[in-house]
Protein chains: 2
Amino acid sequence: MADELNTGLLLYIPYRSLESRVFAAVTEAGYEITTAQMKLMQRIGPNGTRLTDLAEQAQVTKQTAGVLVDNLEKGGWIERVDDPTDKRARLVRISAKAQKVIPIAEAAVAEVEAEWEAHLGREQLAQLRRILTRLREVTDPYA
Amino acid sequence: MADELNTGLLLYIPYRSLESRVFAAVTEAGYEITTAQMKLMQRIGPNGTRLTDLAEQAQVTKQTAGVLVDNLEKGGWIERVDDPTDKRARLVRISAKAQKVIPIAEAAVAEVEAEWEAHLGREQLAQLRRILTRLREVTDPYA
DNA sequence: GAAGATAGTCAGATAGGCTGACCAACGTCA
DNA sequence: TGACGTTGGTCAGCCTATCTGACTATCTTC
């Protein structure tokens, strides 16, 4: 269509590429988890996070977050515990199993980033991260 | 989880935010199309594109692209025509209906970009696009 | 205490994504 | 030219991701 891709697509293409690589690494290491699950899991805080907060962060509905959390729980990636501050709420916490997969995912990210850096140069990759981090301030419900 | 989000997520967050805005604008204008369909449609070239090429560009399987193209065809967004160069192949072409929605999507993108620009400054947004465009060279099967 | 808001779950529906398989058509090589 | 390997696109099956609507227990505010 257009020769000039819109910014959304320009953001999506590397994202998708990186995601596939991370997914492949995690799968190869013997773990079964989907990319959507990994994405949500990354938003869980160190002391646990409420489902509704996860939903907001991931910019999806409560129900979607609920299904993702259900499946994460079934896979042993998270546990749900009571929120001591509110009887309605639960906290979603990272499991020990998840702690094991994190370094694998991080190594895969690092490997891809090294390739990107080799292509762009260190300064441009750093600049990219800086700009994206600033962009979070207006695009991330939780920035 | 980590305070420092990985690059994939940093890319995904603004992408998702922009996508939601474009989807809302297109829906509000009375069109029914999903974000995945819009994404694929943007990869269709001016003289039509083969399904397998679309699949590769979108970094999805042939079958997934097939389903997306089926639904785009059902919605009147594309038409399938024979590929004169290869009897096995078809070309997926943009319909007249799709030409009407493009300006709406583009206007929505422009509006969001203006907000991002207001936040980042013109130079940083331009830099972001430049870097992402370069990054396509190693992340886009069709760059 | 009542009313409005919130957290999370249930239900229903559709789309998107993958794997495996298949057949027609193409391209390469002996 | 024919055999073989590859490619384009479709079928089939399955699971996940996503949305909307609805509900009840719990919380907050007045």
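Residue numbers start from 1 in every chain, and the chains themselves are labelled A, B, ... in the order their sequence lines are given, proteins ahead of strands. Values below: all heavy atoms of this structure, side chains included; hydrogens, waters and symmetry mates excluded. Given the structure is predicted, the values throughout are model-derived calculations rather than measurements.
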Self-check item: Short side-chain N/O contact from B:Arg90 to OP1 or OP2 of D:dT10, under 4.0 Å
Solution: yes
Practice problem: Can you figure out which of C:dC18, D:dC27, C:dA25 approaches the side chain of B:Arg88 most closely? | Solution: C:dA25
Self-check item: Spacing between A:Arg50 atom CZ and D:dA25 atom P, to the nearest angstrom
Solution: 19 Å
Practice problem: Rounded off to whole Å, could you give me the CZ-to-P distance for the A:Arg16 and C:dG16 pair? | Solution: 13 Å
Quiz item: In whole angstroms, how far is the C1' atom of C:dC18 from the CD atom of A:Glu32?
Solution: 13 Å
Practice problem: Starting at atom NZ of B:Lys74, determine the distance to atom C1' of D:dT10, rounded to an integer number of angstrom. | Solution: 13 Å
Quiz item: Contact class for A:Thr61 (heavy atom, under 4.0 Å): base, sugar-phosphate, or nothing?
Solution: base
Quiz item: Where the side chain of A:Gln37 is defined as all heavy atoms beyond and including C-beta, which of D:dC27, D:dT16, C:dG17 is the nearest nucleotide?
Solution: D:dT16
Practice problem: Nearest whole angstrom, please: distance from the C1' of D:dC15 to the CG of A:Asp70. | Solution: 14 Å
Quiz prompt | Euclidean distance, atom CG of residue B:Asp82 to atom P of D:dT10 [Å, nearest integer] | solution = 11 Å
Quiz item: B:Glu73 has an atom CD; how far is it from atom P of D:dG9, in whole Å?
Solution: 13 Å
Quiz item: Quick one: is A:Thr64 getting a side-chain N or O under 4.0 Å of the D:dC19 phosphate, OP1 or OP2?
Solution: yes
Quiz item: With a 4.0 Å cut-off on heavy atoms, is A:Val60 in touch with a base, just the backbone sugar-phosphate, or nothing at all?
Solution: sugar-phosphate
Quiz item: Side chains of B:Asn6 and A:Gln42: do they bring a donor and an acceptor to under 3.5 Å?
Solution: yes
Quiz item: Just by modelled atom types, is the A:Arg134 backbone N or O under 3.5 Å from a matching donor or acceptor in the B:His119 side chain?
Solution: yes
Practice problem: Indicate the ring-plane relationship of A:Tyr12 and B:Tyr15, choosing parallel, tilted or perpendicular according to the 30° and 60° boundaries. | Solution: tilted
Quiz item: Which nucleotide sits closest to the side chain of B:Lys87: D:dC19, D:dA17, C:dA25?
Solution: C:dA25
Quiz prompt | Sugar-phosphate, base or nothing in reach of B:Gln63, heavy atoms under 4.0 Å | solution = base
Exercise. Return yes if a side-chain donor-acceptor contact under 3.5 Å exists between B:Thr49 and B:Arg43, otherwise no.
Key: no
Quiz item: Among the nucleotides D:dA17, D:dT10, D:dC19, which one has an atom lying closest to any side-chain atom of A:Asn71?
Solution: D:dA17
Quiz item: When you measure from the side chain of B:Thr139 to the backbone N and O of B:Leu135, does any donor-acceptor pair fall under 3.5 Å?
Solution: yes
Self-check item: Presence of A:Arg80 side-chain N/O under 4.0 Å of C:dA7 phosphate oxygens OP1/OP2
Solution: no
Exercise. Could you check which of D:dC27, C:dA15, D:dG9 has an atom nearest any side-chain atom of B:Lys62?
Key: D:dG9
Quiz item: For B:Thr34, which contact category applies under a 4.0 Å heavy-atom criterion: base, sugar-phosphate, or nothing?
Solution: sugar-phosphate
Quiz item: With a 4.0 Å cut-off, would you call A:Glu115 and A:Arg21 a salt bridge?
Solution: yes
Quiz prompt | Nearest-angstrom distance from the residue atom CD1 of A:Ile33 to P of D:dC15 | solution = 18 Å
Quiz item: Which nucleotide sits closest to the side chain of A:Leu51: D:dG9, C:dG17, C:dT9?
Solution: C:dT9
